[in-house]
Enquirer: 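Submitted below is the structure of interest, expressed as structure tokens.
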Protein chains: 2
Amino acid sequence: MLNDDPALRAREETRQRVRQAVKELGYQPNRIARSLRTATSNTLGLVIPNFENPIWAVVVDGAETEADARGKTLIVASAARTPGRVQQFLDLGAHGGLDGILIATAGQTDTPPADAPVPWLLLNRRAEGSRRYLLLDDEAAAHRATTALIDLGHTRIAHLSGPAHAESAGRRTSGYRKAMADHGLAPGPILEADYSFTGGNTATDALLAAGAETTGVVVANIASASGLLVGLRAHGKHVPDDISVIAIHDHPLAGAFDPPLTTVSMPLFEMGRRAVALLLDTDPQDAIEETIPDGIELIPRASTAPPKA
Amino acid sequence: MLNDDPALRAREETRQRVRQAVKELGYQPNRIARSLRTATSNTLGLVIPNFENPIWAVVVDGAETEADARGKTLIVASAARTPGRVQQFLDLGAHGGLDGILIATAGQTDTPPADAPVPWLLLNRRAEGSRRYLLLDDEAAAHRATTALIDLGHTRIAHLSGPAHAESAGRRTSGYRKAMADHGLAPGPILEADYSFTGGNTATDALLAAGAETTGVVVANIASASGLLVGLRAHGKHVPDDISVIAIHDHPLAGAFDPPLTTVSMPLFEMGRRAVALLLDTDPQDAIEETIPDGIELIPRASTAPPKA
DNA sequence: CTGAAAGCGCTAACAA
DNA sequence: TTGTTAGCGCTTTCAG
């Protein structure tokens, strides 16, 4: 009766009286006791690498939206300062503390075993021996970005990649390579940044040294691209007249960059949303190997133009 | 023994054997049962308005750092899509589900009653009838920003404020007013944006209409400032030659803006850190009315210069 | 010092 | 259909 069970046969008036009493007495069911009893919590966890990178904001938003729609509470934490965060959430989630965990981090130990105490799903990362992941089509996005430069007439195109240890970075690099090959072009210099402003900024020297004749750069993300823009400016290079820059992932602030940055957007909100749906709707034992098919889109701004010569 | 209680007298060898057994059997204490028994959870909650605004990333970072240092788990959620998020966390926290809650949102119903089931603290918001808050010195930051323009020689300075319902926005506006008054200047036009890119962008028209002779603008935050920069560019106005722009709160990406945006940084990390410390170290019944004293700093970039005429 | 037992508040199973 | 009870796993208390 306290749970307002509709299967329970009782007069509507009685129901009302109970509800009234519950309200007046301020009765709050003890969730802890309930969780102990049922080994469920109506709560989902999400571990992201950090809160700085704005792409996670969108993923979280999508995940929260879907969780809310299903009456679940989503709690988020980052592994930025604590490599053991995934393990911590696994502990939190054991014995029904969490009904499921989404893992967006890429640490060595961030892939739970198959017999983990909580259902889990990796976000945009494949891992050796795991068959539970939801991917963005990073390769297609990088391919799209590279093709955009090629379509403008560029042939000498460099790539500022993400860190070697990130699996998604590898898929982007591979999309860049494929696009070049598809158009019969030799890949240009590939330099490793680390998805950060500083990484992109310090890579500027190497980029200019590696290929003086480079007219376009495909950058693995916005933060690196912003660093690159600042670096190029410092070297007296003009974007896009001297060199075109395009980055993967979009963000509103990219429109305020100098110059406004052309990007390729990815379905981040949908990834968060879909991840929660998959986590709740599938058997934790089943494999999930899914890539989000749509939502890759060119956002043209002012950092790309045909090569001058 | 299982808790490795140091008060317990036992041979070191025995301790080792127990630890070994615990490890081998993979024993994990049931946190739920423990919470039910002790009405504590070693977990803290933080509710932020959204994940998009990058300032929250820094606050969360500070809070996570302090929580980690104290062996607590911090969980985060946003109220972006769900106005009832604070209530939801209050429910989560009742009966020891959370040891405390930090509230950074500013909704009408986001101030818990004094007899809330969980200790709580408001972040950068004073609320009618509450005496539990930790503030940034928004007034000082706005004063600093305004003074920076005045020091450059500006006298016709406008203010692009935050939304009227945000208490922090009011403190910034008041800092702007005071700085103007301190230098014997009449306040310029004050326009309300909503802390967003779009808000700043659409306010451009009104700003240019309100004061044609305006040579400087103090913007309440970076997102609005980025929208304003784009808007001014669209109107053919050159920053800083035609008009100087300075914003409150700093972010690395502001260095990539067109032009790089001069800002005043705030001690956001420290706010997160201090908030966790206060939440854990004070009696939940005691009043906390604290403002973080230091950490306000001018970050000079290229969007500010002396007025031309 | 060691071991047994009560009980946190809930739900599910069972008995009436 | 309704009311009663056992028990989730832990900590704390109390008896041995």
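Throughout, protein chains are lettered first and strands after them, A, B, ... in sequence-line order, and every chain is numbered starting at 1. The figures here come from the full heavy-atom set of this structure, side chains too, leaving out hydrogens, waters and symmetry mates. Keep in mind that this is a model prediction, so the values were computed, not measured.
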Enquirer: Suppose we screen for salt bridge (charged side-chain N to carboxylate O under 4.0 Å, His left out). Which residues come up paired with A/Asp61, at least two apart in sequence or across chains?
Expert: B/Arg81
Enquirer: CG of B/Asn30 versus C1' of C/dC8: gap in Å, rounded?
Expert: 13 Å
Enquirer: Distance from B/Ile32 atom CD1 to A/Leu36 atom CG, nearest 0.5 Å?
Expert: 7.5 Å
Enquirer: Quick one: list whatever passes salt bridge (charged side-chain N to carboxylate O under 4.0 Å, His left out) with B/Asp99, sequence neighbours left out.
Expert: none
Enquirer: Could I get the full list of side-chain contact (heavy atoms from CB on, under 4.5 Å) partners for A/Ala106, not counting sequence neighbours?
Expert: A/Arg125
Enquirer: The criterion is salt bridge (charged side-chain N to carboxylate O under 4.0 Å, His left out); which residues satisfy it with A/Asp281, sequence neighbours excluded?
Expert: A/Arg70
Enquirer: For the pair made of CD1 in A/Ile32 and P in C/dT11, what is the distance, rounded to whole Å?
Expert: 13 Å
Enquirer: May I ask you to verify if any side-chain N or O of B/Tyr27 is less than 4.0 angstrom from the OP1 or OP2 atom of D/dG9?
Expert: no
Enquirer: Once salt bridge (charged side-chain N to carboxylate O under 4.0 Å, His left out) is applied, do any residues pair with A/Arg274, and if so which ones, sequence neighbours excluded?
Expert: A/Glu290
Enquirer: Just report the end-to-end axis angle for the helix from C/dC1-D/dG16 to C/dC14-D/dG3, five pairs per end, to 10 degrees.
Expert: 50°
Enquirer: Whole angstroms only, please: what is the CZ-C1' distance between A/Arg31 and D/dC8?
Expert: 17 Å
Enquirer: A/Arg34 has an atom CZ; how far is it from atom P of C/dT11, in whole Å?
Expert: 4 Å
Enquirer: Please tabulate the protein-to-nucleotide N/O contacts below 3.5 Å involving nucleotides 12-14 of chain D, giving atom names and distances.
Expert:
{"residue": "D/dT12", "atom": "O4'", "partner": "B/Arg37", "partner atom": "NH1", "Å": "3.4"}

Enquirer: What pairs of donor and acceptor atoms, side-chain ones from residues 44-51 of chain B against any protein atom, are under 3.5 angstrom apart with sequence neighbours left out?
Expert:
{"residue": "B/Asn50", "atom": "OD1", "partner": "B/Glu52", "partner atom": "N", "Å": "3.0"}
{"residue": "B/Asn50", "atom": "OD1", "partner": "B/Asn53", "partner atom": "N", "Å": "2.8"}

Enquirer: May I have the distance from A/His95 (atom NE2) to C/dT11 (atom P), rounded to whole angstrom?
Expert: 20 Å
Enquirer: Atom CG of B/Leu36 to atom P of C/dA6: distance rounded to whole Å?
Expert: 17 Å
Enquirer: Does anything in residues 163-172 of chain B pair up under salt bridge (Lys or Arg N to Asp or Glu O under 4.0 Å), and if so which pairs, sequence neighbours excluded?
Expert: B/Arg126-B/Glu167, B/Asp138-B/Arg171, B/Asp138-B/Arg172, B/Glu167-B/Arg171
